[in-house]
Amino acid sequence: MPSAGLASRRIAQLSALLAMFALFTAQIVSALLPNIPVFVAASAAGLVLDTFLQYRDPGLLALLAKVRFDALVRQLLRDMLVLVGLLRIEGIDPLSEQAPLLVGLCVFYAVHFTCQAVSVLVRRTRTLPIVTRNIDASELRLSAAPPRILARRQAHRLLTFSLPVTAGLVLTAATQNATWGGMGLGAGLTLLVLGTAYLATWLLPKKRAKTERQVTEWLDKWLATYQPTTAMYFSGGTTSAYQANMWLSTLSQLEKPLIVLRERFMVQKIDATDVPVICFPKVSTMFSLENSTLKMMLHPANAAKTSQVLRIPTIKHAFINHGESDKLSSCNPYAKAYDEVWVAGPAARERYALAEVGVEDKDIVEVGRPQLAPIRPYAGPPTGTYTTVLYAPTWEGWDGNPGNTSVVLAGENIVRKLLADDKVRLLYKPHPMTGSVDPRAGAANERVMAMIREANTKRSGARPGPEAAAELARRTAELDKLTSTSFRTSADEMERMLLQGTPSGDREAAIAEATLAWEKAYWASFPEWEHLIVTEARPAIFACFNASDLLISDVSSVVSDWLSSEKPYSVANTSGLPEAAFRAAFPTVSAGVVLTPKAGGVPALLDAVRNPEKDRYTKARAELKEQLLGPSDPPSLVRFDAAVKALCARADDRRVRMESRLAHEIPAPREARDEVPEREPSDSEDAGALR
């Protein structure tokens, strides 16, 4: 159980902390008594435990760093206690033996601080004003990163290089022979000096990247060569990358596309794509786009930093959203800041009109949802032994509305009713942000998964042979090779830029083919009777759509996307509204079955899926599909491309008008003075000039 595993991990962490403080206590007491065996054992064990935790559980030690008891303080305390112990041990002369050890230890720490200063300088020189991907940036003199223990891990470096030092001092305490301490200090100092010198080579001209001005000049040159016309702009947190990733396949179909990011970490969060990526952490560098050929930007999400790019007057902006639903977030007032708002179909246009958030109807463009192309259409009722049901609840949202997610109030009831039907195979795919705001949602999600695991223990039947697992492993390796780039542990941002240069070949077509092969192998690796919990990025939600006969979800964009298949669906009503009011408030519900929190309608819902003549919503789903997603002809991608070209044309027209206006407003230059005949000044004019 996940909760049991978490509890055992917490117990292990607490035990490690208690052991560390017990060893410090033992070291203090044994140094003052003195008790040489306990002193030696406590000193050695303390350093070994600290070093072990740095590599195995750094998050635990980060808690100590928050109260300023970090690795440096702990090691200084440990070494100080060793010196105190040496003073208390008879047989070690304070002046001739211990004093040199004290001086050597001070030199060791001086070199450590020097190495830390060099590492800071190296990191600064390797932090470029921009980060790129899928762009050949070799002109920037990119180089591989230095070893991480030297450049980025101060605590690891100190504790690792302190091992011979502390070992030598402890041996001196055990044998009363200062030679061991001197040897340990010599070994630690040698390693640290050599490491510092090696690290300093990254400050030499051959390994240093170009300056910020040179990087900006290179970027301007690249933009002039590539000549992008359309970019997707994205800013967000670590869990929001999916909002941009869902548009990658559509963006790659456009002419000269570009991805513009604002957070450095987001560069590696974007899925595999051949589209060039540029991250502008600072606003000042981002304004390089103003003088480029870029005509428009697509915005899949609203973010605080979006207002910064909207200030570039030469670029038109279209809000494309990362999904449409009846929730208020789908008609955010911020949308009026964009030149146009692109929606899937007429329903979204009506939604903005009813919301009265300042978005004018003339600025709304219906483009459909081009990324829904992989979803297969309805092919009739289930023909196999099992009816596959996808339960995909959304997350709890930021506003605390209990109707946002069904997991808390209805999730267990829905799953219980589904599991009670022996002919149901359940696919459970919760939103990745479930529980991030409301702990009750996270707890309910855990209980639902526990129910599904328990139900699987009560089922049995034939399982695919080992060849199915081998095929999945092979397909996974192929897909991972195409969609990920392997980096050294020590690789930093600059090294990743070096490795992620211009892509070779049509990688996106190869990824699409490999993904289909992986999905086929994935479903084949499980028996048809086994319920599945899908929490990883693979299989994607659309793959789960294609494998399912019925969707149960909440008021979210999942419902709108599912409707492209015209398969039966149901929405859980946990809002507290009567069903009639619920349907009136949320039009996407109009062609589906509404479930109450008790989920009493699940058996009838399953019966209608298996017997289409009992399905009362077949025609309504077809009509709602067109209302939500627009017509099927012309295809959505064609309409999307036409909207891109139209907005680019608007950007071109504006540039022409601005150039014409500036040409008329700026006065003509004065004629050269040598074209005007000169005359000699009169005596009175000379006198006036003198006055």
Residues two or more places apart in sequence or in another chain: which of them pass side-chain hydrogen bond (donor to acceptor under 3.5 Å, both in side chains) with [X]?
X	value
Glu97	none
Arg496	none
Ser406	Tyr391, Asp554
Glu478	Arg474, Arg475

- prompt: With sequence neighbours left out, what residues match Thr483 under side chain to side chain contact (heavy atoms under 4.5 Å, CB included)?
  reply: Ala272, Leu479, Asp480, Ile511, Arg538
message: Set out, in order, the CA-CA distance, both residues' side-chain angles and the distance that settles side chain to side chain contact (heavy atoms under 4.5 Å, CB included) for Thr132 and Val277, then state yes or no.
response: CA-CA 5 Å; Thr132 65; Val277 179; over 6 Å; no
field: Non-hydrogen side-chain atoms of Met246 and His322 separated by less than 4.5 Å
entry: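 Sidechains of His322 and Met246: in contact.
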Only pairs at least two apart or in different chains count here, so list each ring pair (Phe, Tyr, Trp, His ring centres under 6.0 Å) that has a residue in [range].
range	result
residues 99-134	none
residues 139-164	Tyr55-His156
residues 162-197	none

- request: With sequence neighbours excluded, tell me which residues meet salt bridge (charged side-chain N to carboxylate O under 4.0 Å, His left out) with Arg488.
  value: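 Counting only residues at least two positions away or on another chain, Arg488 forms a salt bridge (charged side-chain N to carboxylate O under 4.0 Å, His left out) with Glu495.
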- line: Taken in chain and number order and not counting sequence neighbours, the residues that satisfy ring pair (Phe, Tyr, Trp, His ring centres under 6.0 Å) with Phe39 are none
Main-chain N/O of Pro147 paired with Ser490 side-chain donor or acceptor, under 3.5 Å: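 Between the backbone of Pro147 and the side chain of Ser490 there is no qualifying donor-acceptor contact (under 3.5 Å).
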message: If we ignore hydrogens and angles and just use 3.5 Å, is the side chain of Asp438 paired with the main-chain N or O of Glu396 as donor and acceptor?
response: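 No; judged by distance alone, with no hydrogens or angles, the pair does not exist.
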query: Can you tell which of Arg262, His299, Glu263 makes a side-chain hydrogen bond (donor to acceptor under 3.5 Å, both in side chains) with Ser235?
result: Glu263
task: Write out all pairs satisfying side chain to side chain donor-acceptor pair (under 3.5 Å) with one or both partners inside residues 32-44, taking only residues at least two apart or from two chains.
output: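 The answer is Gln27-Ser43.
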Could you list the donor-acceptor pairs under 3.5 angstrom formed by side chains in residues 186-196, with sequence neighbours left out?
from, atom 1, to, atom 2, distance (Å)
Thr190, OG1, Gly186, O, 2.6
Thr196, OG1, Leu192, O, 2.7

